[in-house]
Amino acid sequence: MLTSTVAPVSQARRSALGELVAAIARAIEATPAERLPSAVCEALRDHLPAAGLLSAEQRKGQADRYTRHILYAHPQGLFTVMALVWRPGQVTPVHGHFTWCAYFIMEGEMQEEHFAWNAATECATPHGYIDRLQGDAAASHAGMDQIHRLRNAGDETAISIHVYGVDGPRVTTHVNRLAALAPQ
């Protein structure tokens, strides 16, 4: 379920978000499609963490699931920027993507599990994991070549910033392409 907040916009938040959005837009305009996710990832690394980016309300999580806040939706639908708040133990389903994506660990630590896709069985098989520490960033193209599952495996709340190549109204339906796990 998507949680979206409307919070008073301070000058610091407006400036931090504006600079981030401008950098993402420049990356999208100047980069060929095959390098686009990596270019957006670089923009995230260059502009995050940013003081004042999130309001106090946008830093709160929910007890039963990770929380998503839309920070910006490009007016022509080129991309959407979201903050995800993860309490300890919260996890995504196993998924690929319908669109390109990039993310940055702004606070805390996450674990990203990787999976291999078997097109014949239409199932995913575990294929290792990587710990994502504060300041780490990652990106992927659309498709089932980079299936993953993100989780907060730590003891503290984690916050990540995600950018998806989809318009704001479709961010809940056109980002994650869920994958079934292969029987063990």
Side-chain angles (χ1 to χ4, degrees), residues 2 20-21 23-49 65-74 76-86 90-153 158-182:
L2 178 66
L20 177 62
V21 165
I24 293 167
R26 283 191 303 273
I28 290 171
E29 291 169 7
T31 307
E34 65 273 3
R35 261 202 25 80
L36 183 60
S38 296
V40 172
C41 192
E42 291 168 20
L44 292 172
R45 281 189 189 109
D46 290 345
H47 290 85
L48 294 174
R65 64 184 174 275
Y66 65 95
T67 307
R68 300 181 291 181
H69 302 282
I70 295 176
L71 302 180
Y72 177 83
H74 189 276
Q76 281 81 45
L78 296 178
F79 64 94
T80 300
V81 180
M82 300 182 73
L84 278 65
V85 181
W86 311 79
Q90 292 180 336
V91 61
T92 67
V94 176
H95 64 280
H97 291 105
F98 288 112
T99 182
W100 61 264
C101 67
Y103 72 89
F104 180 89
I105 307 299
M106 195 161 88
E107 293 181 15
E109 299 177 6
M110 302 288 296
Q111 184 180 80
E112 181 179 17
E113 292 177 84
H114 298 137
F115 297 84
W117 180 247
N118 182 325
T121 64
E122 295 188 348
C123 290
T125 304
H127 192 58
Y129 70 92
I130 185 168
D131 291 324
R132 298 281 184 195
L133 307 178
Q134 184 173 336
D136 283 357
S140 72
H141 288 278
M144 299 304 272
D145 292 336
Q146 294 178 306
I147 300 170
H148 67 165
R149 173 168 51 194
L150 294 171
R151 84 172 64 242
N152 180 351
I159 299 175
S160 53
I161 304 299
H162 298 244
V163 182
Y164 301 109
V166 67
D167 59 330
R170 296 185 326 147
V171 77
T172 59
T173 58
H174 288 76
V175 172
N176 289 349
R177 182 175 168 193
L178 301 184
L181 284 174

Peer 1: Considering only residues two or more places apart or on different chains, which pairs with a residue in residues 127-142 satisfy salt bridge (Lys or Arg N to Asp or Glu O under 4.0 Å)?
Peer 2: E112-R132
Peer 1: State the CG-OH distance between L48 and Y103, to the nearest 0.5 angstrom.
Peer 2: 14.0 Å
Peer 1: Residues in side chain to side chain donor-acceptor pair (under 3.5 Å) with Y164, at least two apart?
Peer 2: H162
Peer 1: Distance check, rounded to the nearest 0.5 Å: E107 atom CD versus Q134 atom CD?
Peer 2: 6.5 Å
Peer 1: Under the side chain to side chain donor-acceptor pair (under 3.5 Å) test, which residues partner E113, sequence neighbours left out?
Peer 2: R149, R151
Peer 1: Are H69 and V85 packed together at the side-chain level, in the sense that at least one heavy-atom pair is separated by less than 4.5 angstrom?
Peer 2: yes
Peer 1: Could you work out, with side chain to side chain contact (heavy atoms under 4.5 Å, CB included) as the rule, every residue matching N118, not counting sequence neighbours?
Peer 2: A120, T121
Peer 1: What heavy-atom pair brings L178 and P93 nearest, and what distance separates the two atoms?
Peer 2: CD2-CG, 3.5 Å
Peer 1: Report the residues that fulfil side chain to side chain contact (heavy atoms under 4.5 Å, CB included) with R177, sequence neighbours left out, ordered by chain and then residue number.
Peer 2: F98, M144
Peer 1: Taking the side chain from E109 and the backbone from L133, do they hold a donor-acceptor pair closer than 3.5 Å?
Peer 2: no
Peer 1: For Q146, check side chain to side chain contact (heavy atoms under 4.5 Å, CB included) against everything at least two apart and list the hits.
Peer 2: S140
Peer 1: So, taking the atom named CZ in R170 and the one named OG1 in T80, what distance separates them when rounded to the nearest 0.5 Å?
Peer 2: 9.5 Å
Peer 1: Write down the atom of Y66, the atom of N176, and the distance for their closest heavy-atom approach.
Peer 2: OH-ND2, 4.4 Å
Peer 1: If a pair satisfies ring pair (Phe, Tyr, Trp, His ring centres under 6.0 Å) and one of its residues is in residues 110-150, list it, with sequence neighbours excluded.
Peer 2: H95-H148, H97-H148
Peer 1: Among residues at least two apart in sequence or on other chains, which ones pass salt bridge (Lys or Arg N to Asp or Glu O under 4.0 Å) with R45?
Peer 2: none
Peer 1: A side-chain contact here means heavy atoms from C-beta on lying under 4.5 Å apart; do V40 and W100 qualify?
Peer 2: yes
Peer 1: Please tabulate, for the side chains in residues 26-35, all donor-acceptor contacts under 3.5 angstrom to protein atoms that are two or more places apart in sequence or on a different chain.
Peer 2:
| from | atom 1 | to | atom 2 | distance (Å) |
| --- | --- | --- | --- | --- |
| T31 | OG1 | A27 | O | 2.5 |

Peer 1: Can you name the nearest heavy-atom pair linking A124 to I147, along with the distance?
Peer 2: CB-CD1, 4.2 Å
Peer 1: What pair of heavy atoms forms the shortest contact from V175 to V171, and how long is it?
Peer 2: CG2-O, 3.2 Å
Peer 1: Drop me the distance from C41's SG to I24's CD1, to the nearest 0.5 angstrom.
Peer 2: 10.5 Å
Peer 1: Mind checking the CG-CG spacing from L20 to L71? Nearest 0.5 Å is all I need.
Peer 2: 8.5 Å
Peer 1: Tell me the closest heavy-atom pair linking A182 and T125, and the distance in Å.
Peer 2: CB-OG1, 3.8 Å
Peer 1: Nearest heavy-atom pair of P37 and A102: which atoms, and what distance?
Peer 2: O-CB, 4.0 Å
Peer 1: With A158, which residues qualify under side chain to side chain contact (heavy atoms under 4.5 Å, CB included), at least two apart?
Peer 2: W86, M110, N152
